Asks: 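Would you mind keeping the following structure in view while I ask a few things?
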Amino acid sequence: MNNPPQDQPARSAQDTIPVGGSLRTLMAQDRMHARLVVVAGVFCVLFSAIGLKLTMATIIRPMPPQQQQIAPQVPPIPKSDPKGMIAGDIALPQVHRASIIDRTGQVLAMSLPVAQVYANPQEMIDATDAAHKLKAALPTLNEEETKRRLSLNKQFVYLARDISPAQELAINNLGIPGIYFEPGERRRYPMGRVAAQILGGVDIDDHGVAGVERYFDKRLDSDRAPLRLSVDVRVQNVVHDELQSAVDTFQAIGACAIVMDVHTGEIITMVSLPDYDANDFGRASPDSRFNRAVTGMYEPGSTFKLQTVAMALQEGVAHIWDSFSSTPIKIGRFTISDMKADHFAPWLSLPEVMAYSSNPAAAHIALDAGATRQQDWLRNMGFFSRVPVELPEAGRPIVPSVHNWGVSTTMTVAFGHGVAEPPLSIIRGTAATANGGFLLKPTLLAADSAHETDAPDATDTTPGVPAGAERLISAANSDILRKILRLDVAKGTGQKAESPGYYVGGKTGTAEKIGPHGGYLKHVNVSAFTGIFPMNAPRYAIYVMLDSPKPTAQTHGWTTAGWNAAPTASHMITRIAPMLGLFPDTQHAAAIEASLAIPMKPAVPRGYRALGPGYDPGTAHLHEHERETTGHAAHAHTARSATSTAQVPARNLHARNTVDGPAAPHPRDRG
């Protein structure tokens, strides 16, 4: 082993330490290493945070798409609500137009969220592939046209409108860049044909264009609370079924029916046939969109005799014990008479005039009242103006000019000829005769619970009525009219309208139609029944009209209202009354009938001189008319004078019955 030389001293620890700048270099390297460790740690923390955020956003709690990438979706389906307790609260947060519901909360119209698909072609990677994928999600899409549009040098092109939320999600899941969605809504009518003419429709921009949708357009767009109508869909369906059955049975070209609360004016149902699916408003024919209940103008026929009798009683012109001649009345070359099959006594009491529906007798009553009283009465009852209801289609009646309202017009208007009225006006006037004499404003809105009137009991015939109702008939005369209407169903022309236990009262009416070029069409009738039930405690008015019904074996060749409109009303009442909370009362039938009884020939009270043979003021007016010059004047006043009624253009509008010129007095009409 070699030992170091003795002359070389051993190295100490200090011999290995660099001197000068070498020490500073080592210290700088140590600091640099420390900084790198800190920076690396910071980056690790940042990347961990980003990774955690991505995990939360994509796996644990995915972020929803942006508004421009996907439209709002339909909310969860609500829980079952068989009693309709929450049905009236439907208000989707994604849509702005309010729903329309019936009086029970059933949805009649609602807006559903949809989306419009558009694209930015400049963001497209492969237009051909995109078009092919979109075709899979939208089967009705034109693939070639879509490919062309996606290849355009534009930044915006529409691809499809009003797609469903499911289709929207399917397209979104394709992940095609440059595809976007624009939120929108579409109006839908879940009940289809139910109340279609009442609801109307909307245009492509969801603005109302007809019916309630148009009348309440601003309200539906500004207030998201559902609009509650007075219509009851249950009653609406039953009335529709019965009316359609009558149309099929009697081969009528059209029909309508109305049920109205006689104390609130609420319209419970309004049906017009033919009708259409409200979801296909744009493709429905004009005839099916035509609402015969408010737009159609028809000669009311003998249903108007109710107004003639009400006028005579209220004005003190006649009493129930007065008699009126049923002998045919000749006006120039025309004659007012009853049907050839009728064999009445020469003089009829006031109840008999209604029960047997005599035209000459009704004409004599009007002659006793005079033209001025008749005009004032009809004007006050609303027959000269548009019926006030929340439907923009409501039309104005056709009435003779007051300047041409001569003796012949007075007589023919008395039994419903020479004027043309919408059915809603007729049922409104009928309700006024039986509800204690109050003329109500018909409404399609459900009554506010704070203003609803209490249901009347059997002894209360004049319950409270809505503010603004005008009393035109006294309670005593209303009571007489109720009994006369009951008599018409019990023993008169309306016997087939009877519904056991509901004590129906009413009046039939049949009128020949006006032809497209003027003049009456023989054997082409408009038959109608207007009535009240139950008559002992009036709750609802009903009106049924058939346009151009055909005879059947069951009607023995007749097309008058007593054979078709009256039985149709009976079927409706029997079915809908329980739905409205009314049940037949047969246990007290004798007492109820006694309270509604009125003799066909009431006795004349002591001290009164009854109108009748040898004492008839109206006859003097008739004699004056006979002395008038004939020719143009006689022709201008000839009855049924819808007459001067209105010089309107001749149009063949089926059930509209537009009158376009004077015609002869209706010679044969019976309710």
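Please read all numbers here as calculations on a predicted model, not as lab measurements.
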Asks: Within the 3.5 Å criterion, strictly below it, is a donor on Thr443 or Glu390 matched to an acceptor on the partner's side chain?
Replies: yes
Asks: Answer yes when Arg97 and Glu213 have at least one side-chain N-carboxylate O distance shorter than 4.0 Å, and no when they do not.
Replies: yes
Asks: Ignoring hydrogens and geometry beyond distance, is a side-chain donor-acceptor pair present between Thr493 and Thr508 at under 3.5 Å?
Replies: yes
Asks: Using the rule side chain to side chain contact (heavy atoms under 4.5 Å, CB included), only one of Val235, Ile573, Ile268 pairs with Tyr540; which is it?
Replies: Ile268
Asks: I'd like to know if Arg234 and Asp102 make a salt bridge, using a cut-off of under 4.0 Å between side-chain N and carboxylate O.
Replies: no
Asks: How are the rings of Tyr356 and Phe344 set to each other: parallel, tilted or perpendicular (split at 30° and 60°)?
Replies: parallel
Asks: Answer yes or no: is there an ion pair linking Asp217 with Arg214, defined by an N-O contact shorter than 4.0 Å?
Replies: no
Asks: Residues in side chain to side chain donor-acceptor pair (under 3.5 Å) with Glu393, at least two apart?
Replies: none
Asks: In terms of heavy-atom contacts, does NZ of Lys496 have more than 12 from other residues, nucleotides or ligands at under 6.0 Å?
Replies: no
Asks: Is it the case that the side chains of Lys305 and Ser358 hold a donor-acceptor pair, with the cut-off being a distance below 3.5 Å and no angle test?
Replies: no
Asks: Keeping Arg228 on the side-chain end and Arg103 on the backbone end, is there a donor-acceptor pair under 3.5 Å?
Replies: yes
Asks: Is the NZ or CZ atom of Arg289 positioned over Phe281's six-membered ring, under 6.0 angstrom from the centre and within 45° of the axis?
Replies: yes
Asks: Output yes when a side-chain donor or acceptor of Tyr276 lies under 3.5 Å from a complementary backbone atom of Ala196, and no otherwise.
Replies: yes
